Number of protein chains: 2
Amino acid sequence: MLSFTEEINQHKNSNSIELSSLMKKIKRQTFAKNTILQNAGDEKISLFYVKRGLLRSYTIDDKGKEHIFMFAPEGWLIADGSINSGATELFIDALENTEVEVIDQKDFLELFLPFTALNDSKRAEVMMRRMAVMQKRIIMLISASAIERYEHFTKTYPGISQRVPQKMIASYLGITPEALSKVKGTKARGK
Amino acid sequence: MLSFTEEINQHKNSNSIELSSLMKKIKRQTFAKNTILQNAGDEKISLFYVKRGLLRSYTIDDKGKEHIFMFAPEGWLIADGSINSGATELFIDALENTEVEVIDQKDFLELFLPFTALNDSKRAEVMMRRMAVMQKRIIMLISASAIERYEHFTKTYPGISQRVPQKMIASYLGITPEALSKVKGTKARGK
DNA sequence: TAGATTTCTTAACCTATATTAATGCGAGTG
DNA sequence: CACTCGCATTAATATAGGTTAAGAAATCTA
């Protein structure tokens, strides 16, 4: 996927006033490892495009347990999809020193999307691809065993298993770190 | 949500030639209970708007087991979100005698979306709402117990638990019918 | 580098859910 | 109405994964 600024630069045809005012809405920021970019309950929803590094989004349940919703390595877009009560439900933080482009959800919807050529069927396609990924994950979660989930993860995020702690992968899969460790061990030994 | 035709009728401002050619793309059909509307592997992806009745979408795994992805009662839109290899991955069938409006995905993307006023930020909002629902379900699946999942289901589909067999609800939740029966029983007795 | 801290692994034990099977109920069909 | 057949329930048993705990390995930090 292209970053926000790259996407905009593809459409220089438009007048430069509109273009530069949109460009001002996009901030480039760097965050140190372990920095929190968004807290659940924040009223401003932002979209982050990862240029370098690694982010994750997650919830914390009543018992204080984290549940990772997604990871976002280079080239990924990450944001809280929830729009209830206008506030966010997910935390987003940096698992590595990370460089991002940021845009407000409001600006994204009102300025960015209408500006780019994506405001035709291509834009719907991008979102449908995203929904396809979620559909696959839901089906996996209702049907697959721990080891099958792990294998699904490695396909979805190639090369990421070396960059994040296993306990976070377990959290993403909806199992405990101990269960993941066990299941990986027995699988390796079984070969 | 509005049906396809209702959506179109909101935009009579456009010229009537374009409007009537679009209208021709939308078919109204009725399907008897237990009829299959779409098989996994079908090359034509259709979108179904349910005017009356009840549909569901589901996969069948290697062991022949069904996994229900979603239900679609009156007012819901149902379609296979997967776009891999241009073919569908889900089955869609009728749980009741059902009346729908149907449109091809291709026509939906190329004609319907550009036609309606939804081709601005509103359209993105509709899809974001959909993604928010999926986000909630994923978080529920990685974090909630059987009974919590059931309660989440009754909130998502109020009034539907009386219209579908329990074993299908169990399938939607990713648990066995026996487990759902037990868990409901102990909960009722526990009160 | 040493020490502290976090993460991973292993193991013993526990619990929720799966599996299998038997029974009874209810809806659909002749 | 009688006969299926699919569905729900219950129970006995099995198992995957959870919990707890402790030590080993890796990573961070001074």
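Numbers restart at 1 for each chain; the letters A, B, ... are given by sequence-line order, proteins then strands. None of the values given here were measured: they were computed from a predicted structure.
Among the heavy atoms of the strands lying under 4.0 Å from A:Lys33 are primed sugar atoms or P, OP1, OP2 only; no base atom is included.
Interface residues of residues 147-176 of chain B facing DNA chain D, ordered by number: B:Pro165, B:Gln166, B:Lys167; criterion, heavy-atom separation under 4.0 Å.
Atoms CD (B:Glu178) and P (C:dA21) sit 12 Å apart, rounded to a whole Å. In this structure, A:Lys184 places its NZ atom 17 Å from P of D:dA25, rounding to the nearest Å. Note: NZ (A:Lys182) to C1' (D:dA16) measures 7 Å, nearest angstrom. Between A:Leu180 atom CG and C:dC8 atom P the separation is 9 Å, expressed in whole Å.
In summary, of the residues considered (A:Arg28, A:Gln29, A:Lys51), a side chain to side chain donor-acceptor pair (under 3.5 Å) with A:Glu99 occurs for A:Arg28 alone. Of the candidates B:Leu173, B:Ile175, B:Leu180, B:Val183, B:Ile147 forms a side chain to side chain contact (heavy atoms under 4.5 Å, CB included) with just one, namely B:Val183.
Under 4.0 Å is where a charged nitrogen must lie from a carboxylate oxygen, and between B:Lys25 and B:Asp104 no such pair does. The existence of a salt bridge linking A:Arg163 and A:Glu96 is confirmed by a sub-4.0 Å separation between a basic side-chain nitrogen and an acidic carboxylate oxygen.
With D:dG17, D:dT10, C:dT9 as the candidates, the nucleotide lying closest to the side chain of B:Ser181 is D:dT10. Counting only heavy atoms from C-beta on, A:Lys65 has its side chain closest to D:dT19 among D:dG17, C:dT17, D:dT19.
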Original post:
When you look at B:Tyr157 and B:Phe71, which way does the ring pair (Phe, Tyr, Trp, His ring centres under 6.0 Å) test go after all the steps?
Top reply: CA-CA 8 Å; B:Tyr157 295 103; B:Phe71 298 100; 5.6 Å; yes
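Judged by distance alone, the side chain of B:Asp42 and the main-chain N or O of B:Lys44 form no donor-acceptor pair under 3.5 Å.
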